[in-house]
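Quick notes on the structure that follows.
Here is how names work: the chains are called A, B, and so on, in the same order as the sequence lines, proteins then strands, and each is numbered from 1. Only heavy atoms go into these numbers, but all of them, side chains included; no hydrogens, no water, no symmetry mates.
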Amino acid sequence: MLHLPVLRRGQPYRSLTVSRTLDFRTKEPFVEISQANSGLIRRDLLDQETAWRTLQGFRTEELIAMSKRAAGHYLNDTLPLGDDAQTPEDYVRQISATTGLPHVMVRRNMMKIYGVMAEIDSVLSGLTRGMDMRILDDGFGMAGGHAVSFYPRGFSLGVVLPSNSPGVHSLWIPAIAMKIPLVLKPGSSEPWSPYRVIQAFIKAGCPPEVFGCYPTDHGGSNTVLQACGRCMLFGDVGAVKAWRTDPRIELHGPGYSKVVLGEDCVDDYEKYLDVMAASIGENSGRSCINASGIWVPRRGREIAEALSERLAKIAPKSADDPTAQIAPFANAQVAQRLNNIIDAGLYEAGAEDVTKRHRGAGRLAEFDGGTYLLPTIVRCDSPEHTLANREFLFPFASVVEVPQAHIAEAIGPSLVVTAITADEKLKASLLTSHDVGRLNVGPIPTMKIGWDQPHEGNLFEHLYARRAFQQSA
Amino acid sequence: MSRTASKDIATRQKDVLKKLDAHTVEIVKWHFDPKTGSPFWLDWAKKAGWDPRKQVKCYADLDKFGNFQDEWLRGGPVRKWVPKGLAKEPVYVFETGGSTGVPKSRIQINDFRIDYEMFSETLPDKHFPKGADWISIGPSGPRRLRLAVEHLAQHRGGICFMVDLDPRWVIKLIKWGEMAMMERYKTHVIDQALTLLKAHPNIQCIFTTPKLLEALCEKVSLKKLGIKGIFCGGTEMTPQFCRFAVEELLDGVYFAPTYGNTLMGLAVHKPLSASDGYAIVYYPPTPRAMIEVVDPDNPSRIVDYGQTGRVRLTTLTRETFIPRFLERDECEREKPHALYPWDGVRNVRPFNRFSTSVVEGVY
């Protein structure tokens, strides 16, 4: 069986505690992953400065070039994987086997990760608003005609990662080009991408000691979050709640992203069905930037019907089918549990699973050894309904009717909002909202992101603080 | 050891089981005799309609009691557990659990002393020198550890320094998400321990928990401070933790992991060895207590050697009779060892059927 070691300052370490992740289809152990005990992580992280000093020995332009070389290695090369080697095709199959993502979706995510490494200069430009990155090398410089100086807020970036979709890895990758070492805790079902990205960087010339990769349990994750100067945490509602008051940690919980149609556009909803369906269904609904709500002032019933008709056509296909649009759950019990939660919500008056009529079958489905939750559109009479503002790990959205004047306050925290409207008042209310992380004005799918427009926190600002700076002539 | 070395393990195991049968009969007689038994068990026998003194003729006959219910240990009057035959003795009450709700209580008179004196015999003098002082860094208060470790030190001719940690408070901090406060509390405990360790050079032995041991070793080299032996317990330990402790934390200081609780007493560990993957194998203090590994779906069936099952505990002392108690742990059944020729348990960990998780959001 494949074995993935812990990486301690880049060096493989085989633990006596291993977890076995199953192939979702055969239910047989697929990979054995060494688990780091929390004391070991803590001990390694007692000295984070040495790795940081190692990265300070490189100019930013060298690290940018390294990232670009790593992009090619990541996409095309056979790279070390524990005691084995991994081709790009192995990587695709392995992610699919443990997460359920069809190959076509893995490849799309792979291109996203490749993109952030290959286009690292434009990513950095977006994160720093076009700042000359040599300022990081020298500690100070001129930006926009003003003297600026930045200092790191910590010696490493600790990241507690999810298993839902490999695309999220694009968020931490720029840290290396910003001279900050990484301490990663991979998701239990998706350790593949962190390992492969690290190996690509090492092959590109990056010192191994600037990478830690610690598969671990809940306690070990907490250790990463406690010990690193700056952190990112991907997790469910409960996981992120515990850290909400800690400014060192950038929280990536559920997105509750939404598409909003204004009074001026809602009668033309058919024109926007593609945008709504893509926002809900792309990547099998596994991203926090997938829409989980369609909020409209009226015509909710017709919109729910039209979306249901379209999404109900999505059916499970084999993992290697290039037209696959939906992924099974790696853990069938999770699917069962979510299905029960939705059914329990539907018992409450004021909501209907509209897709049910169009599917002609249950939401929970079995196909080729996998357990699926099929796309589901629930129409809710009120934003107060239990299912009106929920997010699940599959294409699920509620269609909610709210008077336009109240939409901005009613939607609640929303990572991405696509506002299809030309109404100035509605746009203004969304522009001034504290709750909207990324605002797309116009028919832009919530899934479409631009590297120059970071959402959910800006990695540069998370890793660096600006100090006041003056220098005599 | 040398006296029994000539006998093979199987023969010695038979001897042990024979003694266990005899001990069981004696203890059952004591607890169900109206002159010596505890009010709880005398009352239990009346309701059960059978006389254990007549029907229990060997250890296996304890199956007739069914499984001991831990709820019986919650709440008072705690004197219902004091055997009449010991009614004039000073009684201690020790607690287990209690982070929320009513803790389980066990009364004791001398058991903790006897248990730790027996355990003391298994500690190598080279690493736990007679006459050396100890420090106990960990749970005290209502737990028997506080008196037990102190007695262990005294029994070996030492004096025991104490630094307290309240695990109920730690659990609350974690539940509240007060991780920073938890760290500060841990630091507060470690700082006190370091002060004592540096001020008292005759402290050569430590009792502490795995987490506190890690925290201590982040600050100092215990070897440089003159520590020779670590007795570690209180919470679950994995082989990986033991390996980490031996290879990275302790610089050669002897490491003795233990498994124990207020209800059972203290199980002794087989010496750790890299060659068997630092397996943590414990042997109960037979015949005073037995740990067995049973089929979770049929708790009267003991699983085969090497098989996984739920931990079943039986305590057989004059102070306490707890038959067939199902612990919230699981492990593998281990064969007898040359040092301990009776069944042991390997890699004890929380019983996995009690774990639950609910996920909201895309992660």
Sort B:E183 into side chain, backbone, both or neither according to what part of it lies under 4.5 angstrom from a heavy atom of chain A.
side chain
Taking CZ in B:R184 as the centre, count heavy atoms belonging to other residues, nucleotides or ligands within less than 6.0 Å. Is the count above 12?
no
If you measure from CE on B:M179 to CG on A:L225, what distance do you get to the nearest 0.5 Å?
8.5 Å
Working to the nearest 0.5 angstrom, can you tell me the gap between A:T17 OG1 and B:F244 CZ?
12.0 Å
Check A:S38 against B:K211 and note the closest heavy-atom contact, atom names and distance.
OG-NZ, 2.7 Å
Tell me whether B:K186 at atom NZ has more than 12 heavy atoms from other residues, nucleotides or ligands lying less than 6.0 Å away.
yes
Within a radius of less than 6.0 Å around CE of B:M181, do more than 12 heavy atoms belonging to other residues, nucleotides or ligands occur?
no
Salt bridge check: are A:R8 and B:E248 linked by an N-O gap of less than 4.0 Å?
yes
Winner by heavy-atom pair count (cut-off under 4.5 Å) against chain B, out of A:L46, A:N290, A:N222:
A:L46
Side chain / backbone / both / neither for A:L40 at chain B, heavy atoms under 4.5 Å
both
How far apart are the C-alpha atoms of B:E214 and A:N37, what are their side-chain angles, what is the distance that settles it, and do they pass the side-chain contact (heavy atoms from CB on, under 4.5 Å) test?
CA-CA 11 Å; B:E214 286 172 357; A:N37 52 298; 4.2 Å; yes
Value rounded to 0.5 Å, distance of OG1 in A:T245 from CD in B:E178
7.0 Å
Which residues, numbered in order, of residues 267-284 of chain B come under 4.5 angstrom of chain A by heavy-atom distance?
B:G277, B:Y278
One should read off an interatomic distance between B:M182 CE and A:Q226 CD, to the nearest 0.5 angstrom, of 5.0 Å
So which part of B:C242 gets closer than 4.5 Å to some heavy atom of chain A, the side chain, the backbone, both or neither?
neither
Given A:R43 and B:E247, is the salt bridge (charged side-chain N to carboxylate O under 4.0 Å, His left out) satisfied, shown in steps?
CA-CA 12 Å; A:R43 196 159 185 86; B:E247 291 181 355; over 6 Å; no
So what's closer than 4.5 Å to chain B heavy atoms on A:R248: side chain, backbone, both or neither?
neither
Taking side chain as everything from C-beta outward and backbone as N, CA, C, O, which of these in A:D246 sits under 4.5 Å from a heavy atom of chain B? Side chain, backbone, both or neither.
neither
Donor-acceptor under 3.5 Å (B:Q240 side chain, A:S15 main chain)
no
